[in-house]
Amino acid sequence: MIRIWAYLASAVLFSASIGQAAPKLADSAALHAGIAGLQQDAGGMSPQGFAYDAVAQIAGLYGLKPAPRPQAFADVTLPSGDAAKVAAGDTQIALTQLSISEGTNNQLRVQQAQHNSKAGIFISAGVISLQDLATEAEQQGIAGIAMADGVVTLSRPLVIWQGATLLIHPGDVLQMQAAEGAFLLNFGKLDLRGATLRSDVAADAPESLYRPFVLTSGSGQVYAEANTFQALGMAELGPFAGFVISTQGLFASTTPSVLRDNRFEDIGGVALIGTKAAQVTQNAFLASRGGALILAQVGEGAALGNTIYNTKAGAGLRVTARSKDMLIAGNLVLGGQGNGVQVDGGSFGITLRGNAVLDNAQSGLTAKTASCLSVQDNVIAANGAVGLRLTKTGYVQIAGNALVGNAGSAIAVGAQLTKARMELNSNLMAQNQIGLTGAALHLVTLRDNDLSAQLPRIFDGEFAQHQAAFLTSGRTDHAAVFQISSAAADDADFASMCSQE
């Protein structure tokens, strides 16, 4: 369904963009005041609806329509089943099982944190709540988990085996202690609603220290709504980065995982790997220590209405590892130290629609080795490098976007793939250092773009030789169709070509 949605959106926009006006230029002071206001509000906001409201505010400056909000979500039934079986066990068994699906890379720091202890807590079957788990462990004399003053403290690894379910629900607080190598590893079902999961590691602690994490692997499934996650994970450490759902492999889960209305603070990273039809909706990712949200090898999923603010390293939102047929819409990506949004790794059929990518230290949006990429109705502004960078891309449609005030080019194109095609329709490019720059171009078509405020440098690189012809072909604020090609033109449009691949 997501695939059809993405292609229909592209087809409709293509046909509409031929006659529509490009976004209108807004006052620069209004843009920067809007960014400053969002930065002030982002840290204390509620995840639900903030990004959509913020994107609508910024889009309104340029006369753009924001991405539509998704329809109301259906209630998800609580898991039910027999009473759980809880026992002490050997953590090494779980890590060996994990190696089958995730490999052994990055496990050394996790194993070192155990200090040669193999003691863990295992839920092997049935359904149990967090507080009942603490009570059951106490009754059995199982060390490593205790409850006091409403807080459950975990000082050893906790493993949920396939066929078992752990419920962590409103008001629950789970604190995982780093000193004894605590973590939560889920091969079964993890249902999280209105709870707090955190570690005891300070936000300013060195990244080299061990931090507890939450990892779902194999056939595991997660439903997480309205929770707060704090100080989890180790940035750039793969499945141990913070909150990771990695359901790849031979026995991968066929049930979609859902992340909705959650708040992730000081997390090494949130990643979905190998999932299908996953939904990441209206979450807040604040001060992530690594890439805030990574979608790798994800098929037919969606990331909608998320706020990604102050990412300290890596891209704010990354789609990679041959992810396919995804919709990325209504997200606010603001004030990160890397790229705002990054699409790479052979990803295909990705639609980015109605997002605001603002004030990131590097490029706003980058795409590399991606094809059938549709970039529609986004505001990409005030970023520290290029607004939109495309490298080794195939079919790309860029339509109805406002690319404004970026420190580099509005759009930079390099090394287009053989038979590549890029369509630039009804975009506003203004107040960037350069309008369009490129190298190793194949086929680029410009239609109805507004470059009237992109002065003094409109074209650079391989585009520069075409500037005089472009300026004489029509006004820069409403140019006629203008095509740059080093190969024979292909008359097939974006929608028909991408639906065939």
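- E265 pairs by the salt bridge (charged side-chain N to carboxylate O under 4.0 Å, His left out) definition with R263, not counting sequence neighbours.
- Inter-residue side-chain proximity for R198 and M176 is flagged as unmet; no heavy-atom pair is nearer than 4.5 Å.
- Checking E102 against S246 by side-chain atom types alone, a donor-acceptor pair falls below 3.5 Å.
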Please table the atom pairs, donor to acceptor, closer than 3.5 Å between any side-chain atom in residues 137-158 and protein atoms at least two apart or in another chain.
unit_1, atom_1, unit_2, atom_2, d
Q140, NE2, V86, O, 3.1
Q140, NE2, E136, OE2, 2.7
S155, OG, G144, O, 3.4

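- You'll find the side chain of L352 reaches within 4.5 Å of the side chain of V343, heavy atoms only.
- Surrounding CD of Q175 are more than 12 heavy atoms belonging to other residues, nucleotides or ligands, all under 6.0 Å away.
- Under the rule for a ring pair (Phe, Tyr, Trp, His ring centres under 6.0 Å), Y309 has no partner lying at least two apart in sequence or in another chain.
- Under the side-chain hydrogen bond (donor to acceptor under 3.5 Å, both in side chains) criterion, N106 pairs with no residue, sequence neighbours left out.
- With a 4.5 Å cut-off on side-chain heavy atoms, W161 and I123 do not count as touching.
- The shortest distance between side-chain heavy atoms of F122 and I160 does not fall below 4.5 Å.
- Among residues two or more places apart in sequence or in another chain, the salt bridge (charged side-chain N to carboxylate O under 4.0 Å, His left out) test is passed with R69 by D53.
- Evaluation of the side-chain hydrogen bond (donor to acceptor under 3.5 Å, both in side chains) rule for E225 yields Y223 as partners, not counting sequence neighbours.
- Side-chain N/O atoms of Q282 and N262 include no donor and acceptor closer than 3.5 Å.
- Side-chain contact check for V396 versus M422: some heavy-atom pair is nearer than 4.5 Å.
- Side chains of T369 and D344: a donor-acceptor N/O pair is absent below 3.5 angstrom, by distance only.
- Side-chain contact check for L332 versus L38: some heavy-atom pair is nearer than 4.5 Å.
- Applying the side-chain hydrogen bond (donor to acceptor under 3.5 Å, both in side chains) criterion to E236, with sequence neighbours excluded, gives no partner residue.
- Side chains of D90 and Q92: a donor-acceptor N/O pair is absent below 3.5 angstrom, by distance only.
- L190 has its side chain within reach of V214: a pair of non-hydrogen atoms, C-beta onward, lies under 4.5 Å apart.
- Partners of F183 according to the ring pair (Phe, Tyr, Trp, His ring centres under 6.0 Å) rule, which considers only residues two or more places apart in sequence or in another chain, are F213.
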- prompt: Can you check side-chain hydrogen bond (donor to acceptor under 3.5 Å, both in side chains) on S323 and Q297, steps first, answer last?
  reply: CA-CA 4 Å; S323 290; Q297 202 180 332; over 6 Å; no

Working note: L259 + L272, criterion side chain to side chain contact (heavy atoms under 4.5 Å, CB included); need CA distance, chi angles, decisive distance, verdict.
CA-CA 10 Å; L259 302 181; L272 279 70; 3.9 Å; yes

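- Residues L373 and Q397 form no side-chain contact, since every pair of their non-hydrogen atoms from C-beta on lies 4.5 Å or further apart.
- Evaluation of the salt bridge (charged side-chain N to carboxylate O under 4.0 Å, His left out) rule for D191 yields R193 as partners, not counting sequence neighbours.
- Within 6.0 Å of CZ on R322 lie no more than 12 heavy atoms contributed by other residues, nucleotides or ligands.
- Between the side chains of Q416 and T393, not a single donor N or O lies within less than 3.5 Å of an accepting N or O.
- E207 pairs by the salt bridge (charged side-chain N to carboxylate O under 4.0 Å, His left out) definition with R211, R289, not counting sequence neighbours.
- For S129, the side-chain hydrogen bond (donor to acceptor under 3.5 Å, both in side chains) partners at least two apart in sequence or on another chain are D132.
- Residues passing the side-chain contact (heavy atoms from CB on, under 4.5 Å) test with E180 are H115, sequence neighbours excluded.
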